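Everything below concerns the one structure shown next.
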Amino acid sequence: MKHSPLLCCCLTAACLLPLPALAGKAGAHVHGTASLQVAIDGQTLTLNLETPLENLLGFEHAPRTDKQKAAVRAMSERLSQPGELFSPSPAAQCTSVSVALDSPVLKPARQPAGDDHADLDGEFVFRCAAPEALRTLDVGLFQHFPKLRSVDVQVAGPRGQSAARLSPQQRRLAW
Ligand SMILES: [Zn+2]
């Protein structure tokens, strides 16, 4: 994906300003916002989260202090328990089958240099015994990561495609 020249501004103080034109675009690195792709295919529910590390850790560089290293471990453990972060419709009987996390801070051999911005990508796969009952998804990320202020969601499933913006006040996605 080709990055817009506008994104270069994110390295300056402009990153702190709201950028409405970019807010809804998947892949844009804007602190406070994240994107979530929801795909329903048969019994498989796949969630792809892309977020600046700032939202999860409060920093984006390689962890230096013991406190920062502990924060990275805590984040990784938290995200490895998707049942607390994502609650599909109970009637759909979904269970977590896999979690894959990708971020520079999780790869000691490839730590980001300097003060560059960095993201975390997470893929969360659930298997649902009764996928026809899958109508909502409660997103619990806001309780655990208070720096996260909004999540732009795109849903693709048997009922077509839809989009929504979640916030601490609106944590339930319905389709
Ligand atoms: Zn950043």
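Computed from a prediction, not measured in an experiment: that's the story for all the values here. Counting convention: from 1, in listed order, for ligands and their atoms alike. Residue numbers start at 1 and run along the sequence shown.
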Taking the side chain from Ser103 and the backbone from Leu106, do they hold a donor-acceptor pair closer than 3.5 Å? no
Name of whichever N/O/S atom of Glu60 is nearest to the Zn ion (ligand 1): OE1
For the Zn ion (ligand 1), find the closest N/O/S atom belonging to His29 and write down its atom name. NE2
Could you tell me whether Arg165 and Asp152 have a side-chain N and a carboxylate O separated by less than 4.0 Å? yes
Nearest to the Zn ion (ligand 1), which N, O or S atom of His31 do we find? NE2
Name the orientation class of the two ring planes belonging to His29 and His117 (parallel below 30°, tilted from 30 to 60°, perpendicular beyond 60°). perpendicular
Residues Asn55 and His31: side-chain donor-acceptor under 3.5 angstrom: no
For His117, the N, O or S atom at the shortest distance from the Zn ion (ligand 1) is ND1
